[in-house]
Amino acid sequence: MRIHKGMTNSEISELLHIVSAAYEIKDKEKNKYKVIAYDRASVAVEHLSSEAKDLWDEGKLEEVAGIGTSIAKHLDEIFRTGKSSHFEKVLKGLPPGMFELMKVSGIGAKTAYKLSKELNIVSEKDALGKLEKAVKEGRVENIEGFGEQSQESIEKAISEVKSRKKRYLLPFATELAGDIIRWLKKDENIVNVDPLGSLRRKASTVGDIDIACASKDPIKTLEHFVKYKNTKRVLEKGDNTASIILANGAHIDLMVHEPSVYGSVLQHFTGSKHHNIALREYANKLGLSLSEYGIKSLKTNRKHKFSKEKDFYEYLKLSWIPPELREDMGEIEKAKENMIPKLVELSDIKADLQIHSAFNIETSHDLGLSNMKDIVKKANELGYEYIALTEHNPSRSGHDEKQVIELLKKKAKAIEQINYSLKNNDKKRVMKVYNSLEVDILPDGNLAISDKALDLLDFALVSIHSSFKQDKKTTTNRVISALNHKKVKIFAHPTGRKINYREGVELDWDVIFKFCKENSKWIEINAAPQRLDLPDYLVKDAINEGIKLTLGTDAHHIDHMDNMLWGVSVAQRGWATKADIINSYSLSEFEKELDR
DNA sequence: GCCGTTTTCGGCCCGACTGTTTTCAGTCG
């Protein structure tokens, strides 16, 4: 772990975690609550929506829940000098290698310290390799407190660190969970079964797949579960839970309980962890203690069971909180006041505002694969009232301005014909196809086509497809300058991120949001599973600033138009209501918004 | 070390599972 001036959130988070572990080793009893505080700060930084260093720049570090005067002071020293005298002191005397060992599942602070001492693993370099060697030579099982079984589980866990899987995209995880649920339902003891955790909260990526069951015979259900066809290894199996690893590396946890407590089980295992911690702290103040078994009065020790999740929240004098909001982002306070918003739903969506057709305008990036007619047919099946056809702009290298205008005129004419036939066909739900385009924002902030070419469109989307690494200020100015054109209405896939593949660009969101608000520009939530961009936490910020958002599937084939629901999930996690999402407006409302 | 609609002092979420021990500590979610 190297401390330096430019530490990123994940580095700072790791550092705080290490400091927590160091306190645990040095004097657990004395530092008990420091251990907790540093761990909480670590998680808080991990989940920040902006860089900690930027917050420090603006003097807002202490506003982060979990960071107080003391940690803020230490971080201040790091950002100013690249050093931390305090952290160095805390970590002094501990072998750096032990913190590497903590990356292995099942090895915490105490175990890591013991192993690094006994096996003389001092430096960070190849710490895991040394541990692996010791395991293979059978040296670990002879250490006091270890045995044959713990040695074996360390061996397996090391190989899992090495092949650690990236998080699954939401649709993949949904599909996989669906298959396991179908298998579980073959057990006749099962009363209810639901996907839980980040899957139920519809997070953009899912790590482990969590599933909960209500069963008349939990033991038998667990036995049935571990016989799932793709099981490679059973990690653990007790009376109420079991974990398996599948051949593809997926980690599946099942929690099984009696139907009478299913409501609290559902609540408990949906999380998030932060939501649950906040909820339990809130319950404590009411003299109540929460667990997956229900709610206990701290005074009388009397227990209440809940078969339904809604009753669980009601007992706490809270309105039911949709899983998508359970991230400890203010939802408990809102539930107290009965002010949980009615979130936008897939059935509210009346349009898809980013679709690429196969109409060949010799685009700069990939052209769509389905023709306009099939797209309109599909849009009808989805019950839409209007759509926008948004191919990429004609390539700059292959065309001069005159040629670009010719191509766009051809496309405009094709769309005009489609609109004409829609007008004369009452049976169709789609009433209008918009002539749009996804225009590249060039590195200097200019657009890839001229204003004269833009004038041929109803409106344009703009997006970044090159130079992702510019600094924050340059990128921000670049985007503002692109959005400033009259015909430009939507900032599409704004961060440019590709999940598990590419981080997004750096933008000053305050500046972007302010500009969009003042100039009636919209920001897209791109529903393509590998993008889901704008990300959920920024959706929440945007909505707080009064920005209107659009949903677009970025479909390059009619099948992709079914991806709208993933975009809706992001909107929901960002607390979006119908009013925040332009696509939920009727055609006439949309027309009005377009003219603003 | 953090935090506040009972508190600027005195609390700090809760329980399952595992392995090694012989009643529990460590880890995890």
Side-chain angles (χ1 to χ4, degrees), chain A residues 16 19-25 28-44 62-75 86-87 90 101-115 140-154 156-157 196-198 207-210 212 218 222 234-243 251 253-257 261 264-265 267-296 298 303 328 332-333 336-337:
Chain A
L16 295 171
V19 171
S20 164
Y23 275 122
E24 194 171 346
I25 300 297
K28 169 109 190 244
E29 275 320 299
K30 193 176 125 212
N31 298 313
K32 197 170 164 192
Y33 294 106
K34 270 191 201 176
V35 173
I36 295 171
Y38 269 96
D39 248 338
R40 285 188 162 197
S42 164
V43 174
E62 267 189 74
E63 288 175 23
V64 177
I67 295 182
T69 38
S70 181
I71 292 179
K73 199 183 82 201
H74 301 319
L75 292 181
H86 177 72
F87 291 162
V90 176
L101 304 188
M102 283 168 56
K103 290 175 181 168
V104 178
S105 165
I107 298 183
K110 297 270 172 75
T111 311
Y113 181 63
K114 204 167 179 183
L115 283 172
V140 169
E141 64 177 332
N142 297 325
I143 301 171
E144 199 194 330
F146 292 83
E148 207 176 315
Q149 289 181 83
S150 53
Q151 174 168 279
E152 197 184 328
S153 65
I154 289 172
K156 282 173 179 163
L196 296 181
S198 47
D208 295 348
I209 294 187
D210 300 325
L222 286 168
V234 179
L235 283 179
E236 61 179 45
K237 184 159 82 77
D239 294 345
N240 294 108
T241 69
S243 300
H251 189 143
D253 295 331
L254 183 70
M255 294 76 185
V256 190
H257 287 270
V261 297
S264 49
V265 169
Q267 195 289 319
H268 180 86
F269 290 112
T270 295
S272 68
K273 188 177 173 183
H274 309 291
H275 173 79
N276 282 355
I277 289 173
L279 198 65
R280 288 183 208 131
E281 284 173 351
Y282 161 77
N284 276 170
K285 286 176 192 146
L286 301 176
L288 302 169
S289 170
L290 312 182
S291 77
E292 61 261 52
Y293 298 103
I295 301 179
K296 189 172 77 180
L298 292 169
K303 285 176 192 162
D328 190 21
I332 294 171
E333 289 69 24
K336 237 188 289 186
E337 301 156 14

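Remember, predicted model here, so these are calculated numbers, not experimental data. Side chains included, hydrogens not; waters and symmetry mates left out as well; all remaining heavy atoms used.
Taking the C1' atom of each, B:dT7 and B:dC2 are spaced 14 Å apart, rounded to whole Å. For the C1' atoms, the distance from B:dC17 to B:dC12 is 24 Å, rounded to whole Å. Here, B:dT27 and B:dT21 have their P atoms 16 Å apart, quoted to the whole Å. Nucleotides B:dA16 and B:dG11 have their C1' atoms positioned 26 Å apart, rounded to a whole Å. B:dT8 and B:dG4: their P atoms are spaced 13 Å apart (whole Å). Nucleotides B:dG26 and B:dT20, compared at atom C1', are 11 Å apart to the nearest Å.
Residue contacts for A:Gly271: at a heavy-atom cut-off of 4.0 Å it reaches no nucleic acid atom on any strand shown. A:Glu141 comes within contact range of no nucleotide atom at all, as no heavy-atom separation falls under 4.0 Å. Within the nucleic acid shown, A:Ser289 comes within 4.0 Å of sugar-phosphate atoms alone, with no base atom in reach, counting heavy atoms only. Contacts of A:Asp253 with the nucleic acid, taken as non-hydrogen atoms under 4.0 Å apart, are absent. If you check every strand for non-hydrogen atoms under 4.0 Å, A:Ile36 touches nothing. Backbone-only engagement by A:Asn284 is indicated by non-hydrogen atom pairs under 4.0 Å involving sugar-phosphate atoms exclusively. A:Leu279 comes within contact range of no nucleotide atom at all, as no heavy-atom separation falls under 4.0 Å. Within the nucleic acid shown, A:Thr69 comes within 4.0 Å of sugar-phosphate atoms alone, with no base atom in reach, counting heavy atoms only. Within 4.0 Å (heavy atoms only), A:Ala109 reaches sugar-phosphate atoms of the nucleic acid but no base atom. Using a 4.0 Å heavy-atom cutoff across all strands shown, A:Lys32 reaches no nucleic acid atom at all. Using a 4.0 Å heavy-atom distance criterion, A:Phe269 is classed as making no nucleic acid contact.
You'll find the ring centres of A:Tyr293 and A:His268 outside the 6.0 Å limit.
Of all nucleotides listed (B:dG19, B:dC28, B:dG1), B:dG19 comes nearest to the side chain of A:Ser150. Nearest nucleotide to the side chain of A:Ala65, out of B:dC3, B:dC14, B:dC17: B:dC3. The nucleotide whose nearest atom lies closest to any side-chain atom of A:Ala37 is, among B:dC17, B:dC12, B:dC2, B:dC2. Considering only the side chain of A:Gln149, B:dG19 comes nearest among B:dG1, B:dG19, B:dC3. With B:dG1, B:dT18, B:dG29 as the candidates, the nucleotide lying closest to the side chain of A:Glu236 is B:dT18. Nearest nucleotide to the A:His74 side chain, out of B:dC14, B:dG1, B:dT27: B:dG1. In the set B:dT27, B:dC14, B:dC17, B:dT27 carries the atom at the smallest distance from any side-chain atom of A:Thr111. Ranking B:dC17, B:dG1, B:dG15 by closeness to the A:Asn240 side chain, first place goes to B:dC17.
Atom pair A:Glu62:CD and B:dC2:C1' shows a separation of 11 Å (rounding to whole Å applied). Atoms NZ (A:Lys273) and P (B:dG15) sit 16 Å apart, rounded to a whole Å. For the pair A:Leu235 CG and B:dC28 P, the computed distance is 12 Å after rounding to whole Å. To the nearest angstrom, P of B:dT27 lies 8 Å from CD1 of A:Ile25. When rounded to the nearest whole Å, the span between NE2 of A:His275 and P of B:dG29 equals 19 Å. Distance CD (A:Glu148) to C1' (B:dT21): 17 Å, rounded to an integer number of Å. Rounded to a whole Å, the CD1 atom of A:Ile277 is 20 Å from the P atom of B:dG11. The distance between atom CD1 of A:Ile107 and atom C1' of B:dA25, rounded to the nearest whole Å, is 16 Å.
A close approach under 4.0 Å does occur between a side-chain nitrogen or oxygen of A:Lys110 and OP1 or OP2 of B:dG26. Residue A:Ser70 has a polar side-chain atom (N or O) positioned under 4.0 Å from OP1 or OP2 of B:dG1. An OP1 or OP2 oxygen of B:dA16 is reached within less than 4.0 angstrom by a side-chain nitrogen or oxygen of A:Tyr293.
At least one donor-acceptor pair under 3.5 Å links the side chain of A:Lys114 to the backbone N or O of A:Glu144.
Ranked by how close their nearest DNA chain B nucleotide is to the 5' end, A:Tyr38 and A:Ala242 are led by A:Tyr38. Residue-to-nucleotide proximity on DNA chain B shows that, of A:Glu281 and A:Lys285, the 5′-proximal contact is made by A:Lys285.
The OG atom of A:Ser198 lies 6.5 Å from the CG atom of A:Asp210; values are rounded to the nearest 0.5 Å. Rounding to the nearest 0.5 angstrom, the gap separating the CD1 atom in A:Ile25 from the CG atom in A:Asn31 is 11.0 Å.
A heavy-atom distance below 4.5 Å is not found between the side chains of A:Ile36 and A:Tyr23.
Side chain to side chain, A:Gln267 and A:Asn276 meet the donor-acceptor criterion of an N or O pair below 3.5 Å.
Residue A:Ser243 comes nearest to A:His251 through the heavy atom pair CB-NE2, 4.0 Å, listed as atom of the first residue, atom of the second, then distance.
Pairing of B:dC17, defined by two Watson-Crick or G-U wobble distances under 3.5 Å, is identified with B:dG26.
Counting only residues at least two apart or on different chains, the salt bridge (Lys or Arg N to Asp or Glu O under 4.0 Å) pairs with a member in residues 281-293 of chain A are A:Arg40-A:Glu281.
A distance cut-off of 5.5 Å between ring centres, combined with a plane angle under 30°, places A:Tyr33 in a stacking arrangement with the base of B:dC12.
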